[in-house]
Amino acid sequence: MTANVLAIAGSLRAASFNRRLAEVAAAIAPPSLQISVYADLASVPLFNEDLETTGVPTGVERLRRAVERADGLLIATPEYNQSLPGVVKNMVDWLSRGDPVVIEDKPVVVLGATPGAWGTRIAQSQLRHALAACGALVMPAPQFYLRGAADLFDEHDRLIDTRMLDSLHRLLAAYDVWLHRLRLPAIQGRSA
């Protein structure tokens, strides 16, 4: 059974390392994972409850619908100043609202890339915490941290470091097994 996974890069930069990482994950995913990369995160406004009084903003509604349709999520987060980026936290805040709360019970795998030497450990930890608080089902292990990203992609945005590529393969294989274990009845029902 094929599971539909929505990949979200937590950076608004068109050529961000996390967007590249999400696209590489989509390209090398096991056949039972169909990963599509979400490209409209910039349309999600800063979270403000007042915006909900006149209806959910269009960018938020598009994001919610995409998350709701997905069997699982892959979130690639950068780390800015040893913290979770505002763009990612803002996304989680919007996804924690509404009826239904579309992030609740959604299987999520978190990963991240940075050009720095520290990796994205702090941002990933903070993201896992925020997602768990919203009721998302965050895969605990394995974890994936791509550091020194500026030297690990070629001019065609392919991940060329074989050690990191092998690690990403292992992460996606583990997520495939984990997601199917959690979501099998829903995936089978959709294909019936």
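Just so it is clear, the structure is predicted and the values come from calculations on it, not from any experiment. The residues of the chain are indexed from 1 along the displayed sequence. Side chains included, hydrogens not; waters and symmetry mates left out as well; all remaining heavy atoms used.
- Every residue two or more places apart in sequence or in another chain that forms a side chain to side chain contact (heavy atoms under 4.5 Å, CB included) with Ala130 is listed here: Val92.
- Around atom CG of Asn81, no more than 12 heavy atoms belonging to other residues, nucleotides or ligands sit under 6.0 Å away.
- Using a 4.5 Å heavy-atom threshold, the side chains of Pro78 and Thr114 count as separate.
- Using a 4.5 Å heavy-atom cutoff, the side chains of Cys134 and Leu95 are not in contact.
- For Phe47, the ring pair (Phe, Tyr, Trp, His ring centres under 6.0 Å) criterion is met by Trp94, not counting sequence neighbours.
- The line from CG of Leu171 to CD1 of Ile28 is 9.0 Å long, rounded to the nearest 0.5 Å.
- Taking the salt bridge (Lys or Arg N to Asp or Glu O under 4.0 Å) definition, one finds that Asp154 meets it with Arg158, sequence neighbours left out.
- Within the structure, salt bridge (Lys or Arg N to Asp or Glu O under 4.0 Å) pairs that include any residue of residues 108-130 do not occur (at least two apart or interchain).
- In this structure, the side chain of Glu104 does not engage the main chain of Gly135 through any donor-acceptor pair within 3.5 Å.
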Audit row: Leu74, Leu172, side-chain contact (heavy atoms from CB on, under 4.5 Å) steps and yes/no: CA-CA 10 Å; Leu74 179 150; Leu172 292 170; 3.9 Å; yes
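- Between Pro107 and Asp71 there is no side-chain heavy-atom pair separated by less than 4.5 Å.
- Rounded to the nearest 0.5 Å, atoms CG (Leu73) and CD1 (Ile8) are 5.5 Å apart.
- Here the straight-line distance linking atom OH of Tyr175 with atom CG of Leu182 works out to 8.5 Å at 0.5 Å rounding.
- Here side chain to side chain donor-acceptor pair (under 3.5 Å) pairs that include residues 16-36, with residues two or more places apart or in two chains, are Arg20-Asp157, Ser32-Asp176.
- For His169, the NE2 atom is densely surrounded, since the number of other residues' heavy atoms within 6.0 Å is greater than 12.
- Met164 places none of its side-chain heavy atoms less than 4.5 Å from the side chain of Leu168.
- Leu51 and Val56 fall within a single hydrophobic cluster, where Ile, Leu, Val, Met, Phe, Trp and Tyr side chains are chained together by heavy-atom contacts under 4.5 Å.
- Linking ILVMFWY side-chain heavy atoms closer than 4.5 Å, directly or via other members, places Leu12 and Leu6 in a single hydrophobic cluster.
- Every residue was checked against the salt bridge (Lys or Arg N to Asp or Glu O under 4.0 Å) condition with Arg170, not counting sequence neighbours, and none meets it.
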Val109 vs Trp178, side-chain contact (heavy atoms from CB on, under 4.5 Å): CA-CA, chis, key distance, verdict: CA-CA 10 Å; Val109 61; Trp178 188 74; over 6 Å; no
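- Note that the CG atom of Leu131 and the CD atom of Gln124 stand 11.0 Å from one another [nearest 0.5 Å].
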Using atom types as modelled, flag every donor-acceptor pair under 3.5 Å from a side chain in residues 136-148 to any protein atom, sequence neighbours excluded.
unit_1: Gln143; atom_1: OE1; unit_2: Tyr145; atom_2: OH; d: 2.2
unit_1: Gln143; atom_1: NE2; unit_2: Pro140; atom_2: O; d: 3.0

From CA spacing to verdict: side-chain contact (heavy atoms from CB on, under 4.5 Å), Val102, Arg65: CA-CA 8 Å; Val102 296; Arg65 278 196 311 271; over 6 Å; no
Verdict with supporting geometry, Asn4 and Arg69, side-chain contact (heavy atoms from CB on, under 4.5 Å): CA-CA 8 Å; Asn4 296 313; Arg69 285 191 303 263; over 6 Å; no
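- A search for side chain to side chain donor-acceptor pair (under 3.5 Å) contacts involving Gln126 returns Ser83, not counting sequence neighbours.
- The closest side-chain heavy-atom distance from Pro115 to Phe17 is below 4.5 Å.
- Summarising the geometry of Ala29 relative to Ile35, their closest heavy-atom pair is CB-CD1, 3.6 Å, with the distance given to 0.1 Å.
- Taking both residues in full, the closest heavy atoms of Val44 and Gly59 are given as CG2-O, 3.7 Å, listed atom of the first, atom of the second, then distance.
- For residues 56-79, no pair satisfies ring-ring contact (aromatic ring centres under 6.0 Å, His included), with sequence neighbours left out.
- Counting only heavy atoms from C-beta outward, the side chains of Pro30 and Leu33 approach each other to under 4.5 Å.
- Listed by chain and residue number, Glu49, Glu52 satisfy the salt bridge (Lys or Arg N to Asp or Glu O under 4.0 Å) test with Arg97 (two or more places apart in sequence, or in another chain).
- Between Val88 and Leu127 the shortest heavy-atom distance is CG1-CD1, 3.7 Å.
- Annotation: side chain of Pro85 is in contact with side chain of Thr77 (closest heavy-atom distance under 4.5 Å).
- One finds the CD1 atom of Ile75 at 9.5 Å from the CG atom of Leu111 (value rounded to the nearest 0.5 Å).
- In plain terms, the two heavy atoms of Ala113 and Leu21 that are nearest each other are CB-CD2, 4.0 Å.
- The distance from the CG atom of Leu179 to the NZ atom of Lys106 is 9.5 Å, given to the nearest 0.5 Å.
- Applying the salt bridge (Lys or Arg N to Asp or Glu O under 4.0 Å) test to every pair with at least one member in residues 24-43, sequence neighbours left out, gives these pairs: Asp40-Arg62.
- Contact between Leu63 and Met91 at its shortest, heavy atoms only, is CD2-CG, 3.7 Å.
- Evaluation of the salt bridge (Lys or Arg N to Asp or Glu O under 4.0 Å) rule for Asp161 yields no partner, not counting sequence neighbours.
- Here the shortest heavy-atom pairing between Ala26 and Val37 reads CB-CG2, 4.3 Å.
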